[in-house]
Protein chains: 2
Amino acid sequence: MKVLIVEDDPLHRSYLHEAVCAALPECETVIEAASGTTGETLARDHKSAHIVMDLQMANRNGIEAARTIWKERPETRILFWSNYSDEAYVRGVSRIVPDGAAYGYVLKSASDERLKLALRSIFVENQCVIDREVRGLQQKSLGQNNGFTDSEYEILVDIALGLTDRAIARRRNLSLRSVQNRLQSLYDKLDVYQTVGFEQEDGRFNLRTRAVTIAFLRKLLNYSALERAEAELQEWLAERA
Amino acid sequence: MKVLIVEDDPLHRSYLHEAVCAALPECETVIEAASGTTGETLARDHKSAHIVMDLQMANRNGIEAARTIWKERPETRILFWSNYSDEAYVRGVSRIVPDGAAYGYVLKSASDERLKLALRSIFVENQCVIDREVRGLQQKSLGQNNGFTDSEYEILVDIALGLTDRAIARRRNLSLRSVQNRLQSLYDKLDVYQTVGFEQEDGRFNLRTRAVTIAFLRKLLNYSALERAEAELQEWLAERA
DNA sequence: CCAGAAGTTGCGGGTTTACGCAAGACGCGG
DNA sequence: CCGCGTCTTGCGTAAACCCGCAACTTCTGG
């Protein structure tokens with residue numbers, strides 16, 4: 001077995017290296033990549049079938065890298081190893097995993113034991129392993145009791161990018177009013193309407209920007225999600241030139 | 001000499017521990033804290049004069065912790081050791097450092113050598129050491145050729161929080177129009193006006209939200225800056241009840 | 001002391017947002 | 001086939017936002 005490690009931080013990388021060797025005696029080669037892009041090319045060159053991938057890396061982040069890798073060979077098994085369980089990451093990952101693929105999501109705060117178990121489960125048993133905490137988020141966002149529907153999430157991203165209502169309407173093929181409807185339900189769910197003291201006066205927030213902020217604070221959005229969304233936007237803009 | 005290490009990540013913490021011991025043979029005790037809050041209390045209990053502090057930690061981030069520590073004993077020497085050199089962090093730090101205090105800012109990507117040098121410079125020689133890259137940012141933001149003035153940065157934060165023009169006016173004791181002036185100069189500097197294809201049509205951005213997004217993408221803002229700003233806002237709201 | 005730069009305010013008007021109201025469109029179990 | 005809930009869309013309005021124009025207040029260097 002050959003395992004590819006994609007991880008920014010040299011400390012974490014060497015820790016992972018050891019963990020892999022300890023958990024998988026049948027693994028005879030470990031390759032390391034220090035960035036998303038080199039991870040992609042190494043995966044291609046070595047036809048890697050077993051990858052451990054950090055999310056949040058400096059250049060190209062883990063989700064991007066995983067997407068291109070999975071696009072080329074969807075049966076690749078990837079274990080995501082991340083510091084955070086932001087809903088933005090969880091959504092990002094579950095959006096790109098090909099159906100039937102085995103993957104895992106383990107937090108860096110997990111114990112050695114847990115990490116090793118996850119390594120064996122995915123790479124040997126070909127089974128999905130998703131951290132309890134992350135799992136919770138998934139449930140919540142899929143079962144839409146408190147979570148956001150895809151259309152709400154989509155429009156959240158759109159306003160976060162700074163698009164006008166009209167621009168969103170064009171992009172998503174909707175009428176202006178529909179865009180605004182979706183916005184309203186987003187505002188409802190995000191609970192943007194805290195009238196905020198300001199004594200007796202009106203003193204409301206600017207709903208649009210406030211929604212983005214709250215989403216950020218609740219980790220529905222984060223830097224990497226924004227970055228990806230911005231890239232998609234630029235792409236979309238380019239192809240209608 | 002006694003050194004206090006405040007750092008989330010166990011790997012980084014033990015790495016730091018070793019680095020401190022190697023660089024400072026005169027250091028007989030090393031104390032470790034795994035979060036900002038325990039860092040604060042340990043600093044108080046031990047009257048720590050030498051601290052190495054991570055920024056971005058899960059609960060209370062490094063800037064908060066440093067602020068309360070410096071408030072109690074401004075002559076404390078703190079070396080910030082961070083993954084990123086976001087302008088938001090740099091601004092955050094330089095906003096709270098007491099004048100005359102010795103402090104340092106070293107990136108985690110720096111070599112062992114550089115880290116050890118910084119440790120000696122600050123803790124033994126009582127000298128400021130700021131990473132080249134970070135220094136560049138400081139220059140740029142202070143010498144305001146391309147950078148932002150304080151008032152522009154302030155208003156950036158205010159709209160990022162989702163305040164309305166009127167609310168900002170009240171908070172900063174300005175007229176509505178002045179707020180809007182500052183907004184305009186912010187928009188100029190952030191270069192929000194890329195009309196963006198959309199064929200012949202108007203299709204502009206929503207300037208307000210777009211400004212926030214661009215600031216995020218350029219790391220003028222980041223999660224921890226937002227978090228702090230939000231806390232300050234709530235505080236301000238509370239004290240006018 | 002004055003000219004000029006920089007920042008603050010008021011006024012006015014064009015545009016964008018937020019949202020109530022109401023008419024259709026679509027899906028789905030009975 | 002009908003009724004009902006969930007989207008979508010249009011219309012209209014009040015508020016918020018963006019910003020040009022122009023009068024004032026500080027400041028600052030000469």
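Note that the structure is predicted; figures quoted are calculated from it, not measured. Chain letters run A, B, ... following the sequence lines, proteins first and then strands; every chain starts at 1.
- Taking the six-membered ring where tryptophan is involved, the planes of B:F80 and B:Y105 are tilted, since the angle between them lies from 30° to 60°.
- One atom, CD1 of A:I168, and another, P of D:dT8, lie 14 Å apart when rounded to the nearest Å.
- The CZ atom of A:R210 sits 18 Å away from the C1' atom of D:dA16 (whole-angstrom rounding).
- The backbone N or O of B:V97 sits nowhere less than 3.5 Å from a side-chain atom of B:W70 that would complete a donor-acceptor pair.
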Q. Do B:I69 and B:M53 pass the side chain to side chain contact (heavy atoms under 4.5 Å, CB included) test, and can you show the C-alpha distance, the side-chain angles, and the key distance before you say yes or no?
A. CA-CA 11 Å; B:I69 289 170; B:M53 170 94 68; 4.1 Å; yes
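- Atom CD of B:E230 is separated from atom CG of A:L217 by 5.5 Å, given to the nearest 0.5 angstrom.
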Please produce a list of atom pairs where a protein N or O lies less than 3.5 Å from an N or O of nucleotides 26-28 of chain D.
none

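- Rounded to whole angstrom, the span from the CG atom of A:L190 across to the P atom of C:dA18 amounts to 13 Å.
- Atom CD of B:E133 sits in a sparse spot, with 12 or fewer heavy atoms from other residues, nucleotides or ligands closer than 6.0 Å.
- Remark: A:S175 is in phosphate contact with D:dT9, judged by side-chain N or O atoms under 4.0 Å from OP1 or OP2.
- Side chain of A:R77 to backbone of A:A101: no donor-acceptor contact under 3.5 angstrom is found.
- One N or O on the side chain of B:T213 and one on the backbone of A:A160 form a donor-acceptor pair closer than 3.5 Å.
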Just the table, please: protein N/O against nucleotides 18-21 of chain D N/O, every pair under 3.5 Å.
from	atom 1	to	atom 2	distance (Å)
D:dC18	OP1	B:Y187	OH	3.0
D:dC19	OP2	B:Y193	OH	3.4
D:dC19	N4	B:Q180	OE1	3.0
D:dG20	N7	B:R177	NH2	3.0
D:dG20	O6	B:R177	NE	2.6
D:dG20	O6	B:R177	NH2	2.6
D:dC21	N4	B:R177	NH2	3.4

**Q.** A:L174/A:R182 under side chain to side chain contact (heavy atoms under 4.5 Å, CB included): CA gap, chis, key distance, verdict
**A.** CA-CA 11 Å; A:L174 287 172; A:R182 283 161 129 117; 3.1 Å; yes
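- Atom CD1 of residue B:I130 and atom CG of residue B:L79 lie 10.0 Å apart, to the nearest 0.5 angstrom.
- Between the CG atom of B:L163 and the P atom of D:dC17 there is a distance of 10 Å, rounded to whole Å.
- One can place CG of A:L186 at 15 Å from P of C:dT17, the figure rounded to the nearest angstrom.
- Atom pair B:F205:CZ and C:dT16:C1' shows a separation of 16 Å (rounding to whole Å applied).
- With rounding to whole Å, A:N173 atom CG is found 14 Å from D:dT9 atom C1'.
- Going from atom CD of B:E152 over to atom P of C:dT8 covers 10 Å, rounded to whole Å.
- Close to D:dT9, at under 4.0 Å from its OP1 or OP2, lies a side-chain N or O of A:S178.
- In this model, the phosphate group of C:dT17 is not approached by any side-chain N or O of A:R166 to a distance below 4.0 Å at OP1 or OP2.
- Counting non-hydrogen atoms under 4.0 angstrom, B:R172 reaches nothing in the nucleic acid.
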